[in-house]
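Structure record follows, encoded as structure tokens.
All chains are named by letter (A, B, ...) in the order of the sequence lines, taking the proteins before the strands, and each is independently numbered beginning at 1. For clarity, every value in this text was computed on a predicted model and none was experimentally measured.
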Protein chains: 2
Amino acid sequence: MDTAPPSALPSAATPGKTEGLRDRKRRETMQRIADTGLRLFMENGFEATTLDAIAAAAGIARRTFFYYFKSKEDVLLAWQGSGFVEAIGPALRQEPTDQSPLAAARHCLLTLVARFETKVAIAADALLRSTETLRARKLAKMVDMERDLAQVMAERWPDRPPEDVRMAAMLAIGALRLAQEDWRRDHAAHPDTARPLADHLNATFALLDRQVPPVQGEERP
Amino acid sequence: MDTAPPSALPSAATPGKTEGLRDRKRRETMQRIADTGLRLFMENGFEATTLDAIAAAAGIARRTFFYYFKSKEDVLLAWQGSGFVEAIGPALRQEPTDQSPLAAARHCLLTLVARFETKVAIAADALLRSTETLRARKLAKMVDMERDLAQVMAERWPDRPPEDVRMAAMLAIGALRLAQEDWRRDHAAHPDTARPLADHLNATFALLDRQVPPVQGEERP
DNA sequence: TCCAATATCGCACTCAGTGCGAATTTACGC
DNA sequence: GCGTAAATTCGCACTGAGTGCGATATTGGA
């Protein structure tokens, strides 16, 4: 039914090897659980959907569910932007280093955001707001993204002091979060004429620039 | 045993009235639960401490616990900086408005941080890092602070565009979060010679200024 | 003093998540 | 092919958090 695949299987990935039957089945099962879970969540809500319902609908035993996911929440979390979290590191590695880390982050976030603004991601995001702990865990994921971002930045801009790149990562993810809030509000107020997330992200970064204009060889894209 | 009181009772506060016996007992009971909970958490860890243990040690029935707290997590969350979250709004209202919102936030955070760097707050904070959901919910609380901050800023600097003050609030709380990370790392590495949180907060704001120098009538304190 | 609101409590229940271990399936070297 | 080790699936029983319901006690105020 759905397109974008969740990630992160229990055991470590085997990079070079060709994927055997075992791995394929595992991936398929995990995907099936994730699909089923999201579908049931959308139909009945997150809390009203029991683990047993997911397991039954996915054709596995209750106990097997926990072999693939640590918790019910993790099923939904796996749809967090449908791979956005995992894509951001690699995306930043593609960026040229003749721009500032913040400008690079801005550019690659704009690209990613456009790629991941799908129906499924939007539905999952709405569900992510239905519970206190889910809202909280989404924030935790953004902090994870911030850490990854800072990590990659530190690798690619080794000349810049680490505190600077960490600050840049914080600014970038903070801007992303504010932009997402605006975007959601926009959609709630004008469901038809709402602008894409990328627009809001641009506006938020522009705001950041204004409040805090670029320095030292930073350019605006 | 402890000093700082958790807050937020079930029913709304009665501002002008003198506090009757009923209210006092309620506050006492809630405080006793919070104290007992924190003590047991510190002794045995968060997950190893059951609700029944807290209820028994606090001298109440298991069912009564849920009359005061929504969940076990909330007992610990109530110690979040021991009132820091609630103090930030009022503190910002005291700040003069001839400085920029960000500068004001910086100043009042510096003050608060010094006031709330207590043994209890530190212990509670360590416990808040022992579980994924607790970590996440702490972040959620910081976002709540960000919202409150933006709210008060909007009231007190009505001339500034709301997006600007929200961005300023994001920057301030983001800086607070990074500073707290540094401070914790500092304590982990040099338990004896570690610098106070206020120092790290100063450093982080300085970094923010550098990455993003102040504009438009902003001054450094 | 009586009434209504608040507070305390017990009971039974649902559901998430875990520990243990058995049964099954797959990968892989021989 | 064959056998072994590892990975996967599953059932069962258990703990513990949180809820719904309703009964009882306590308190504030008319």
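- Residue A:Arg26 places none of its side-chain N or O atoms closer than 4.0 Å to OP1 or OP2 of D:dA7.
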ask   = Run the salt bridge (Lys or Arg N to Asp or Glu O under 4.0 Å) check on B:Arg177 and A:Glu146 step by step: do they pass?
value = CA-CA 12 Å; B:Arg177 182 166 53 80; A:Glu146 187 180 302; 2.8 Å; yes
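- With sequence neighbours left out, the side-chain hydrogen bond (donor to acceptor under 3.5 Å, both in side chains) criterion links B:Thr50 to no other residue.
- Using a 4.5 Å heavy-atom cutoff, the side chains of B:Ile54 and B:Ile60 are not in contact.
- Among residues two or more places apart in sequence or in another chain, the side-chain hydrogen bond (donor to acceptor under 3.5 Å, both in side chains) test is passed with B:Asn44 by none.
- Ion pairing between a basic and an acidic side chain is recognised when a charged N comes within 4.0 Å of a carboxylate O; A:Arg32 and A:Asp35 show no such pairing.
- Checked by distance alone, B:Arg62 brings no side-chain donor or acceptor within 3.5 Å of a matching partner on the base of D:dG16.
- Atom CG in A:Asp74 sits about 8 Å away from atom P in C:dG17, given to the nearest Å.
- In this structure B:Glu73 satisfies the side-chain hydrogen bond (donor to acceptor under 3.5 Å, both in side chains) test together with B:Thr133, B:Arg137, sequence neighbours excluded.
- Partners of B:Ala104 under the side-chain contact (heavy atoms from CB on, under 4.5 Å) rule, at least two apart in sequence or in another chain, are B:Leu92, B:Glu95, B:Gln99, B:Trp157.
- Following rounding to the nearest Å, A:Lys72 (NZ) and C:dT14 (P) show an atom-to-atom distance of 16 Å.
- Under the rule for a side-chain contact (heavy atoms from CB on, under 4.5 Å), the partners of B:Arg93 that lie at least two apart in sequence or sit in another chain are B:Val152, B:Glu155, B:Arg156.
- Counting to the nearest Å, the P atom of C:dA16 and the CG atom of A:Leu40 are 12 Å from each other.
- For A:Tyr67, no side-chain nitrogen or oxygen approaches OP1 or OP2 of D:dT9 to under 4.0 Å.
- In this entry the distance linking CG of A:Asp52 with C1' of C:dG17 reads 11 Å, nearest Å.
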Measure all distances between protein nitrogen or oxygen atoms and nitrogen or oxygen atoms of nucleotides 21-25 of chain D, and list the pairs falling under 3.5 Å.
none

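- A search for side-chain hydrogen bond (donor to acceptor under 3.5 Å, both in side chains) contacts involving A:Gln94 returns nothing, not counting sequence neighbours.
- Taking atom CZ on B:Phe66 and atom C1' on C:dC13, their separation rounds to 14 Å, with Å as the unit.
- The phosphate of C:dA16 (OP1 or OP2) has no side-chain N or O of A:Ser71 nearer than 4.0 angstrom.
- Look at B:Tyr68 and you'll find a side-chain N or O under 4.0 angstrom from OP1 or OP2 of C:dT8.
- Taking side-chain N and O atoms only, B:Thr50 has no distance below 4.0 Å to OP1 or OP2 of D:dG16.
- Taking atom CD on B:Glu47 and atom P on C:dG19, their separation rounds to 10 Å, with Å as the unit.
- Heavy-atom distances under 4.0 Å link DNA chain C to no residue of residues 53-61 of chain A.
- Note: CD (A:Glu132) to P (D:dG18) measures 13 Å, nearest angstrom.
- Residues forming a side-chain contact (heavy atoms from CB on, under 4.5 Å) with A:Pro196 (at least two apart in sequence, or on another chain): A:Glu117, A:Asp199.
- In this structure, A:Lys25 does not reach the D:dT8 phosphate: none of its side-chain N or O atoms is under 4.0 Å from OP1 or OP2.
- Note: CD (B:Glu73) to P (D:dG18) measures 7 Å, nearest angstrom.
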